[in-house]
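Have a look at the structure below, then the notes.
Hydrogens, waters and symmetry mates play no part in the numbers below; they use all other heavy atoms, side chains included. The chain is numbered in sequence order, starting from 1. Note that the structure is predicted; figures quoted are calculated from it, not measured.
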Amino acid sequence: MKKNTIIDNLRKEIENFSTEVKVEKVGKVVEVFDGIAKVSGLFDIKASEMVNFAGGEVGVTLNLEEDSVGIIILSDFSKIKEGDEVRATGKILEVPVSDAQIGRVLNALGEPIDGKGAIKTDKSYPVEKVAPGVITRKSVDQPVQTGIKAIDAIIPIGRGQRELIIGDRQTGKTAIAIDAILNQKGQNMICVYVSIGQKDSKLRKLQARLEEGGAMDYTIIVSAGASEPSPLAYIAPYTGVSIAEYFMDQGKDVLIIYDDLSKHAVAYREISLLLRRPPGREAYPGDVFYLHSRLLERACRRNADYGGGSITALPIIETQAGDISAYIPTNVISITDGQIFLETDLFYKGIRPAVNVGFSVSRVGSSAQIKAMKKVAGTLKLDLAQFRELEAFAQFGSDLDDATKRQLERGKRAVEVLKQPQYSPVIVEHQVAVLYALVKGYMDDIAIDKIKEFESGLVEYTERAVPAFFKEVKEKGMYTEESEEAFKKSLADFKTGFKN
């Protein structure tokens, strides 16, 4: 009986025997240094394909050469040594995506690093992806309210736009981005903040600030810290935009901030030089423009036939001594739909946000504004630009005609109104009320040092007196003639009782 059982088992094994051949692509590490490995033997590997090293480290192919492959290592490279085996996975680099990532801090590979446990997901998106085509896109006509008066009034940003924030270090570039995130509360917008090469202490402060403002409920932070190898800083923005695309594919609106792309370009330069790619201008490789263009082109607004949704990108670039004509700044300016230029001199004069109206522009323009804002802020940019010219001219002459004096006084008040403390975004209906009072001349005889007091009192008083005006601006984007008249009367009443 026992003998028969053994024979039966052997027969079954023979019947089920499979002659399937498993092929593995295996190479050997030739040399390794600073997050880069040169590997031989992987002749038919694809670009951007993931590989596994003997110790479990992960890498991605970047250089495909005749006799070797250049691989960037996305984990600790200190344990990798010459002669180690490298196995190709056949998979192009991808990152996990999930709704559960909202409110979390992730590393450059989309894995959580905030100590709140793992994120369960069975879905992943490729890190590199072709940007949506022209046919799938729709023109930008819905605003992204940043809560910053100088931006919402003069340099409006629309959903699906790419607006560059540019300026020297310590001029408030990140502050603008954080204010924009804080102001998205209740605006049906998911935010992705990509931190590239920032100190961990700065990132923790930023996270605490967002948590305090209740913004982490709709925000994802992707971080490649200053202490991490440059391949992770290179991958991080692409990981961020892949996560953003996951939400856009669901028809949602996403705001993504890259802080900052100057450090991203430096990380890519480091990788390229280690891979012996030929250096070009300022030692950057020749494809550094493509590095940023293929990233920023993925920001768009889709039309309804292709699921709707949008990605609005706010890349940040750091300049040296305000030089916006340098290599990387001009590259990114030419890819984006406008820039917000922050000037050091204005910052130190106490004009914050330090937006230089002359160099700043939005190529989407007033189509990304609500009608009420368009009406009250239509001439504001021109008035401010003229004021800057007149201010410079007036320093040299004491004899000024009345019209010039009036224009100078109005300009001073406009500058004062557009000043705003950090982390205190202003809702759009309050902005409209204040700018209405400024443009219609209600502030012309108010002392400069009383403007802020007048502004806060005005909003408080009129919101109580004519709630219909604010409700119309909030819900319909425009006010009727009747509510405008009621607002004017309320404005006049408040001014009469205001102690100048």
Side-chain angles (χ1 to χ4, degrees), residues 130-148 150-167 173 176-177 179-181 183-184 187 189 191-194 237 240-241 244-245 248 253-262 264-265 288-303 306 308-319 324-326 328-342 353 355-370 373-374 377-378 380-381 385:
V130 178
V134 176
I135 303 300
T136 70
R137 296 181 182 226
K138 189 183 177 190
S139 61
V140 175
D141 59 8
Q142 280 186 320
V144 173
Q145 305 293 355
T146 62
I148 299 164
I151 293 171
D152 290 347
I154 300 169
I155 322 148
I157 300 168
R159 295 190 180 204
Q161 190 176 346
R162 297 151 302 184
E163 184 78 8
L164 172 64
I165 301 169
I166 186 167
K173 300 185 297 298
I176 283 181
D179 275 359
I181 292 175
N183 199 53
Q184 298 316 308
Q187 303 277 349
M189 180 86 84
C191 301
V192 180
Y193 177 83
V194 182
V241 78
E245 276 177 344
M248 180 174 73
D253 292 317
V254 187
L255 175 69
I256 185 163
I257 288 137
Y258 304 108
D259 191 6
D260 63 81
L261 291 187
S262 304
H264 184 227
V288 73
F289 179 90
Y290 180 56
L291 171 80
H292 289 150
S293 68
R294 72 178 191 265
L295 172 71
L296 293 167
E297 283 297 330
R298 287 163 76 175
C300 69
R301 185 171 174 217
R302 282 225 188 104
N303 61 40
Y306 290 88
S310 69
I311 297 176
T312 308
L314 296 181
I316 295 174
I317 286 283
E318 188 180 292
T319 53
I324 57 173
S325 61
I328 300 300
T330 48
N331 274 356
V332 183
I333 284 169
S334 63
I335 299 162
T336 50
D337 309 311
Q339 70 273 349
I340 298 162
F341 178 59
L342 302 175
V355 177
N356 179 315
V357 179
F359 287 151
S360 300
V361 65
S362 170
R363 295 190 188 104
V364 171
S366 59
S367 58
Q369 279 178 320
I370 59 168
M373 181 62 89
K374 210 184 290 190
L380 194 58
K381 180 167 185 175

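- The closest side-chain heavy-atom distance from P156 to M373 is not below 4.5 Å.
- Contact of the V332 side chain with the I166 side chain is not registered, since no non-hydrogen atoms from C-beta on lie closer than 4.5 Å.
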Could you please spell out the steps behind the side-chain hydrogen bond (donor to acceptor under 3.5 Å, both in side chains) verdict for S367 and D141? CA-CA 5 Å; S367 58; D141 59 8; over 6 Å; no
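- Between A299 and I311 the shortest heavy-atom distance is CB-O, 3.4 Å.
- When all heavy atoms are compared, the tightest approach of I148 to P353 is CG2-CG, 3.6 Å.
- Separating the CD1 atom in I340 from the CD1 atom in I176 is a distance of 5.5 Å, to the nearest 0.5 Å.
- Residues I324 and P329 approach most closely at O-CB, 3.6 Å, considering heavy atoms.
- To the nearest 0.5 Å, the span separating CG on L314 from CD1 on I316 amounts to 7.5 Å.
- The side-chain heavy atoms of V355 and L342, taken from C-beta on, include a pair separated by under 4.5 Å.
- Annotation: side chain of H264 is in contact with side chain of L291 (closest heavy-atom distance under 4.5 Å).
- From Q187, atom CD reaches atom CD of Q145 across 6.5 Å, with rounding to the nearest 0.5 Å.
- Distance alone, capped at 3.5 Å, is enough to place a donor-acceptor pair between the R159 side chain and the P143 backbone.
- Annotation: side chain of I317 is in contact with side chain of I328 (closest heavy-atom distance under 4.5 Å).
- Every residue two or more places apart in sequence or in another chain that forms a side chain to side chain contact (heavy atoms under 4.5 Å, CB included) with N303 is listed here: K138, D305, Y306.
- Across all their heavy atoms, N331 and S334 have their closest contact at O-OG, 2.7 Å.
- To the nearest 0.5 angstrom, L261 atom CG is 10.0 Å from T336 atom OG1.
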Show your working on side chain to side chain contact (heavy atoms under 4.5 Å, CB included) between V241 and M248 and close with a plain yes or no. CA-CA 10 Å; V241 78; M248 180 174 73; over 6 Å; no
Verdict with supporting geometry, Q339 and R363, side chain to side chain contact (heavy atoms under 4.5 Å, CB included): CA-CA 9 Å; Q339 70 273 349; R363 295 190 188 104; 3.8 Å; yes
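- If you take CD1 on I335 and CG on L295, they are separated by 8.5 Å, rounding to the nearest 0.5 Å.
- In this view, R162 and E297, D337 satisfy the salt bridge (charged side-chain N to carboxylate O under 4.0 Å, His left out) rule, not counting sequence neighbours.
- When side chains are defined from C-beta on, Q184 counts as touching V144, because their heavy atoms get closer than 4.5 Å.
- Defined by atom type and a distance below 3.5 Å, a donor-acceptor pair is missing between the side-chain atoms of Q142 and S310.
- Here the CD atom belonging to E163 is positioned 7.0 Å from the CD1 atom belonging to I155, to the nearest 0.5 angstrom.
- Judged by distance alone, with hydrogens and angles left aside, the side-chain atoms of S360 form no donor-acceptor pair with the main-chain N or O of V357 at under 3.5 Å.
- Across S139 and R301, no two heavy atoms sit closer than the pair O-NH1, 3.1 Å.
- Between D179 and N183 there is no side-chain heavy-atom pair separated by less than 4.5 Å.
- In terms of the ring pair (Phe, Tyr, Trp, His ring centres under 6.0 Å) criterion, residue partners of F359 (sequence neighbours excluded) are, by chain and number, F341.
- For the residue pair T146 and D152, a side-chain donor N or O sits within less than 3.5 Å of a side-chain acceptor on the partner.
- The minimum heavy-atom distance between A265 and V288, with the atom names listed, is CB-CG2, 4.2 Å.
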